[in-house]
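Notes follow once the structure below has been shown.
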Amino acid sequence: MSTTLYDLDRVAFGSLLDSEPRYRLDQLWDGLYAQLADPADITNLPKSLRGRLAAELPTALTKVTESVSDKGDTIKFLWELDGGSRVETVLMLYPDRATVCVSSQAGCAMACGFCATGQAGFTRHLTVGEIVEQVVRAAQRARDTGRRVSNIVFMGMGEPMANLDRVWAATERIHGDIGLSARHITISTVGLVPGIRALRDLPLPVNLAVSLHAANDTLRNELVPINKRYPIDDLLDACADYLDVKNRRVSFEWAMIDGVNDRRSDADELAELCRKLRPSAHVNLIPLNPTPGYPTRGTPLKRVYEFRDRLEELGANATVRQNRGTDIDAACGQLAAGQPVTLSPKER
Ligand code: SAH
């Protein structure tokens, strides 16, 4: 794969520009990351240098479509990559923040049956440039509507911990160069224990989210097959360890599936797991979103709130996550990059 514009960190750009005066690197860096400009538009750089950059370092993402939700607050980008694979990025505008949901792989090998990306299988890891560029392009889009991206979640397509080296290099760029606080960056994992341990040893205190979905191994083996390799006890140990070292709260994602993991006994088991962590884990409840390969419904909202109330009664913190972008298939678990989710209005 050829090197693309956002693959290079500042040091690498420094060597590329070593025949130029030193301040050129500052101008370029300010243009790329503070102004979020395309190299062609960084007009304090000489035209010849701009031409050279465009020729040697193309961008990585070709926009195929941009879908905007009914209310206009969720924007989904579908990109084509070198080699033809496609990935999606979602920009969510809230009154108090703007969040970019980033993909780390084309497809995913984790095979969670309820997730559209999992249903599609794995194609390849994304490069650093492809990950960073998703953030830059979404941030440019946000800026055009007068907004600034404040939060990044690695909750798009793919398993970030399976591509941790590149995800980490991208995180450092998002933090150090785009300028987001580590506390506003969240890496979500299906529960790859070695990845969680590796993340613990990396410097920035980013948030860790774990896609738990079940609080006992029998059910979790079914919903999240990688649980057979990293069962709940081991996963919890790794989370406790992350908490100890980073002093950051760990959150558990829980897609509520009608009649599967939304019973009172599930809430009771989950609350017990949460309490094993100090401070207690925070639970994000998301009613399951429909995907073509998994005909089960999401839990109706009334019961989602009852489940939350039961967790809180037992001392676990829980939030019901607003469902964003279901009308453009941009909600959690629906990112399929070009495989249209065709459901009747009733099923939605
Ligand atoms: N692979 C990582 C990153 C994906 S994040 C991980 O598993 O954490 C996407 C989140 O949406 C995960 O918590 C995932 O389990 C959840 N999800 C997947 N399919 C879903 C669906 N159909 N409805 C609701 N949430 C879903």
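Worth saying up front: this structure is predicted, and the values here are computed from it rather than measured. Order of listing sets the numbers, starting from 1, for every ligand and every atom in it.
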Should one rank Arg321, Gln334, Met155, His213 by closest heavy-atom distance to atom 16 (C) of ligand 1, which comes out on top?
-> His213
Close-contact set for ligand 1 against Ser188 heavy atoms, below 4.0 Å | 2 (C), 3 (C), 5 (S), 6 (C), 8 (O)
Around atom 19 (N) of ligand 1, find the nearest protein heavy atom and jot down its residue, atom name and distance.
-> Gly333 CA, 3.0 Å
Say whether Ala116, considering both its backbone and side-chain N or O atoms, lies within less than 3.5 Å of an N or O atom on ligand 1.
-> no
Does the N or O separation between Glu159 and ligand 1 drop below 3.5 Å for any pair?
-> yes
Does the side chain of Gln27 pick up a donor-acceptor pair with the side chain of Arg24 at under 3.5 Å?
-> yes
Would one find an N or O of Ala255, backbone or side chain, under 3.5 Å from an N or O of ligand 1?
-> no
Could you walk me through whether Thr4 and Asp7 pass side-chain hydrogen bond (donor to acceptor under 3.5 Å, both in side chains), step by step?
-> CA-CA 5 Å; Thr4 61; Asp7 268 322; 3.1 Å; yes
Is there a heavy atom in Met157 that sits closer than 4.0 Å to ligand 1?
-> no
Can you find a side-chain donor-acceptor pair between Thr189 and Glu159 that sits under 3.5 Å?
-> yes
Is the closest basic N to carboxylate O distance between Asp268 and Arg310 below 4.0 Å?
-> yes
Does any donor atom in the side chain of Asn216 or Glu269 lie under 3.5 Å from an acceptor atom in the other side chain?
-> yes
Are Leu335 and Val90 side-chain neighbours, meaning at least one heavy-atom pair lies under 4.5 Å?
-> yes
Check each atom of ligand 1 against the heavy atoms of Thr291 and keep those under 4.0 Å away; list them by number with element.
-> 22 (N)
To which protein heavy atom is atom 21 (C) of ligand 1 closest, and what is the distance rounded to 0.1 Å?
-> Cys332 O, 3.3 Å
Logged contact type for Val190 with ligand 1, heavy-atom cut-off 4.0 Å, is both
If you measure from the Lys or Arg side-chain nitrogens to the Asp or Glu carboxylate oxygens, is any gap between Arg263 and Asp266 under 4.0 Å?
-> yes
Under 3.5 Å: N/O of Glu253 near N/O of ligand 1 | no
Please determine if Arg321 and Glu253 form a salt bridge, counting it only when a charged side-chain N lies under 4.0 Å from a carboxylate O.
-> yes
What protein heavy atom sits nearest atom 23 (N) of ligand 1, and how far away is it?
-> Asn289 N, 2.8 Å
Heavy-atom nearest neighbour in the protein, as seen from atom 3 (C) of ligand 1, with distance rounded to 0.1 Å | Gly158 O, 3.5 Å
Look at the aromatic rings of Phe77 and Trp79 and report parallel, tilted or perpendicular, splitting at 30° and 60°.
-> parallel
Side chain, backbone, both or neither: which part of Thr189 has a heavy atom under 4.0 Å from ligand 1?
-> backbone
Between Phe252 and Trp254, ring centroids under 6.0 Å = no
For atom 4 (C) of ligand 1, the option (of Ala209, Ala331, Gly156) bearing the nearest heavy atom = Gly156
Could you find the nearest protein heavy atom to atom 12 (C) of ligand 1 and give me its residue, atom name and distance?
-> Ser211 OG, 3.2 Å
